[in-house]
There are 2 protein chains.
Amino acid sequence: MGDRKAKDDLFDALASVAKVLGSGRRAEIVDVLAQGERPVDEIAQEIGQSIANTSQHLQLLLRSGLVHSRRDGTRIYYRLSGPGVAQLWAAVRLVASDHLANLSDLAAAYLGDRSALSTLTRTELKDRMDGGDVIVLDVRPEPEFRSGHISGAVSIPVKELAERLQDLPEGVTVAAYCRGPYCVFADEAVRTMHRHGIPAVRLEDGYPEWEAAGLPVETGNGRGSPQNSTEKTSNV
Amino acid sequence: MGDRKAKDDLFDALASVAKVLGSGRRAEIVDVLAQGERPVDEIAQEIGQSIANTSQHLQLLLRSGLVHSRRDGTRIYYRLSGPGVAQLWAAVRLVASDHLANLSDLAAAYLGDRSALSTLTRTELKDRMDGGDVIVLDVRPEPEFRSGHISGAVSIPVKELAERLQDLPEGVTVAAYCRGPYCVFADEAVRTMHRHGIPAVRLEDGYPEWEAAGLPVETGNGRGSPQNSTEKTSNV
DNA sequence: TATGTTGTCAAGTACTTACTTGAATAAACC
DNA sequence: GGTTTATTCAAGTAAGTACTTGACAACATA
């Protein structure tokens with residue numbers, strides 16, 4: 001008890017959790033899985049890597065306990081193994097934004113200039129939803145919407161938004177949201193709507209943060225096909 | 001905006017924060033620095049590594065922004081760069097304890113069998129302190145006590161405890177605490193006191209968690225030399 | 001039973017990491 | 001001004017990591 005070797009082994013094990021998150025590609029995977037479970041080929045597509053390489057990253061995450069998997073026919077779906085994993089990823093992002101010298105440059109290079117886009121916090125959005133003067137728009141890919149979204153939100157993936165603007169009611173502000181603070185989808189959506197004269201704002205963070213805050217969420221197809229919509233008790 | 005290369009660079013940067021925590025030795029360093037600032041040679045001693053190697057780990061932590069340093073004469077003191085870093089380390093430990101299969105074995109190998117030792121949560125300890133029927137004992141090395149401890153705690157480093165048991169008042173339970181849930185000092189102290197018939201319990205976690213919870217802390221020498229004791233507004 | 005789809009495994013390569021050793025600084029002490 | 005103390009730096013080595021390619025396994029469908 002209390003000897004060097006045992007302490008090193010223990011701390012190596014504790015650190016192994018940080019280690020698996022310490023690769024940009026695996027961080028992207030966790031960022032995607034925080035939206036809900038996904039099969040390997042879709043994850044590979046999302047992170048821009050080969051299926052073989054993605055599979056190996058997923059095996060690593062699996063062995064370290066950060067994700068679980070289930071088989072459904074020929075597909076294997078991966079998901080985060082608990083809410084703590086999404087919290088850990090949020091803690092990493094927080095420290096990065098507080099202490100990483102060049103982060104804002106890198107964020108600007110990926111996200112573009114956000115200064116012209118106004119944002120709402122979670123509580124501001126909740127208040128305006130309760131007031132009824134806003135429509136909430138989920139611009140993530142559809143599978144992510146189906147596995148969980150803000151209650152009452154409408155799904156139009158950002159790629160389809162330009163052709164589906166007529167689906168949006170007129171005369172009401174649109175509040176778009178996506179995966180989180182480092183996701184471009186909502187930014188792009190707000191820019192597109194502004195170009196067409198639609199008043200639009202962006203939710204400051206994304207769906208995982210909304211869910212983690214205990215705010216109302218639902219699964220299935222939501223308004224579009226209410227028969228599939230179900231109140232959700234917990235995700236992740 | 002929104003292209004692959006920029007996204008990879010951004011997520012590599014975010015993940016770099018996790019990466020520096022992803023080494024057992026650097027995790028031990030963060031665990032020590034969560035107690036307060038320390039010079040290089042003491043940190044090297046704590047983690048059982050050469051000074052050169054420890055210095056290189058510290059340079060890495062420094063470049064990644066997780067720690068800051070200051071020079072005082074010939075010594076260079078390192079400290080965590082903000083409270084978010086200790087929170088991140090806590091999040092890592094939480095995920096590890098929830099999802100790492102062999103963690104309890106490794107913890108048992110280092111900490112020994114804890115089942116015979118009773119523990120108090122932070123709030124339980126606070127209540128008993130307010131009731132006055134407990135004395136709080138800080139068993140960490142003295143420099144850590146000096147840079148911040150639970151208000152009213154007495155310092156007897158675990159190495160000196162056996163010879164200084166007479167410094168403890170009789171007829172009152174001793175609540176020992178140390179660095180955190182994976183620290184052996186308080187366990188050892190409680191065992192020592194039990195062997196001498198002193199009623200003793202262990203605080204469930206450690207000083208950083210107490211401080212992070214906003215509970216009362218102070219710096220300096222505390223009761224021992226009240227002239228040096230000062231109410232503390234913030235640490236880390 | 002054959003065929004296609006989805007994912008994993010094994011082997012190889014270029015690159016990175018953790019440590020060691022010994023030399024180089026930087027401030028303090030005499 | 002030379003010596004001591006505390007730390008960093010540079011170079012070297014062994015081991016580990018991230019990706020690629022091609023073969024293999026598991027299930028579904030015809």
Side-chain angles (χ1 to χ4, degrees), chain A residues 4-5 7-9 11-30 32-33 37-64 66-79 143, chain B residues 4-5 7-9 11-30 32-33 37-64 66-79 143:
Chain A
R4 186 77 254 163
K5 168 87 170 61
K7 180 171 186 188
D8 285 358
D9 289 348
F11 277 76
D12 280 345
L14 293 168
S16 72
V17 165
K19 193 172 192 171
V20 289
L21 255 182
S23 133
R25 253 31 67 220
R26 287 193 295 272
E28 288 187 55
I29 291 175
V30 169
V32 169
L33 294 186
E37 64 169 18
R38 299 292 285 279
V40 179
D41 65 331
E42 288 183 16
I43 299 169
Q45 173 96 49
E46 289 284 355
I47 70 169
Q49 296 289 318
S50 71
I51 289 185
N53 190 28
T54 303
S55 174
Q56 292 182 123
H57 280 304
L58 287 166
Q59 295 304 309
L60 240 175
L61 286 161
L62 198 58
R63 277 192 300 266
S64 75
L66 293 212
V67 307
H68 290 159
S69 67
R70 73 178 175 90
R71 177 153 220 148
D72 179 19
T74 74
R75 312 194 88 131
I76 296 179
Y77 288 81
Y78 283 85
R79 65 179 184 284
Chain B
R4 187 78 254 163
K5 169 87 170 59
K7 181 172 186 187
D8 286 358
D9 289 348
F11 277 76
D12 280 345
L14 293 169
S16 72
V17 165
K19 193 172 193 172
V20 289
L21 255 182
S23 133
R25 256 27 68 220
R26 286 193 295 273
E28 289 188 54
I29 291 175
V30 169
V32 169
L33 295 186
E37 64 169 17
R38 297 293 284 280
V40 179
D41 64 332
E42 289 183 14
I43 298 169
Q45 173 96 51
E46 289 284 355
I47 70 169
Q49 296 290 318
S50 70
I51 289 184
N53 190 27
T54 303
S55 174
Q56 290 181 126
H57 280 304
L58 287 166
Q59 295 304 307
L60 238 174
L61 286 161
L62 197 60
R63 278 193 300 264
S64 75
L66 295 211
V67 307
H68 289 160
S69 68
R70 74 179 174 90
R71 179 156 219 146
D72 178 21
T74 74
R75 311 193 89 127
I76 295 179
Y77 288 82
Y78 284 84
R79 64 179 185 283

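Quick caveat: nothing in here was measured; it's all calculated off a predicted structure. Sequence lines set the chain letters: A, B, ... in the order given, protein chains first and strands last, and positions in each chain run from 1.
At a cut-off of 3.5 angstrom, counting only N and O atoms as typed in the model, there is a donor on one side and an acceptor on the other between the side-chain of A:Q56 and the base of D:dT20.
The distance between atom CD1 of A:I51 and atom C1' of D:dC19, rounded to the nearest whole Å, is 15 Å. Atoms CD (A:E42) and P (C:dT5) sit 17 Å apart, rounded to a whole Å. Here the P atom of nucleotide C:dT8 and the NE2 atom of A:H57 are 13 Å apart, to the nearest Å. Taking atom CZ of residue B:F11 and atom P of nucleotide D:dA18, one finds them 17 Å apart after rounding to whole Å. Atom CG in A:L60 sits about 7 Å away from atom P in D:dA18, given to the nearest Å. In this structure, A:D41 places its CG atom 12 Å from P of C:dT5, rounding to the nearest Å. One can place CG of A:L58 at 12 Å from P of D:dC19, the figure rounded to the nearest angstrom. The CZ atom of A:R75 sits 13 Å away from the P atom of D:dT29 (whole-angstrom rounding).
Distance check: B:R4 CZ to A:Q49 CD gives 7.5 Å after rounding to the nearest 0.5 Å. In this structure, the separation between CG on B:D9 and CG on B:L14 is 11.0 Å, given to the nearest 0.5 Å.
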Strictly under 4.0 angstrom, non-hydrogen atoms only: write out the protein contact profile of nucleotides 23-28 of chain D, one letter per nucleotide from the 5' end, B, S or -. ---SBS
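Residue A:Y78 is in sugar-phosphate contact alone, with no base atom involved, counting any heavy-atom pair closer than 4.0 Å across all strands shown. A:N53 comes within 4.0 angstrom of a base, heavy atoms only. Here A:T54 lies out of heavy-atom contact (under 4.0 Å) with every strand.
Contact of the A:R75 side chain with the A:D41 side chain is registered, since non-hydrogen atoms from C-beta on lie closer than 4.5 Å. Side-chain atoms of A:L21 and B:L21, non-hydrogen and from C-beta on, never get closer than 4.5 Å to each other. In this structure the side chain of A:R25 reaches within 4.5 angstrom of the side chain of B:D8, judged on heavy atoms.
DNA chain D is contacted by both B:A52 and A:G22; B:A52 maps to the nucleotide lying nearer its 5′ end (nearest heavy atom per residue).
Residue A:K19 has no polar side-chain atom (N or O) positioned under 4.0 Å from OP1 or OP2 of C:dT17. Listed pair A:S55 / C:dT8 meets the phosphate criterion, a side-chain N or O lying under 4.0 Å from OP1 or OP2.
In the displayed structure, B:Q45 atom CD is contacted under 6.0 Å by at most 12 heavy atoms of other residues, nucleotides or ligands.
Under the 3.5 Å distance criterion, the side-chain polar atoms of A:R26 are matched with a main-chain donor or acceptor of A:V20.
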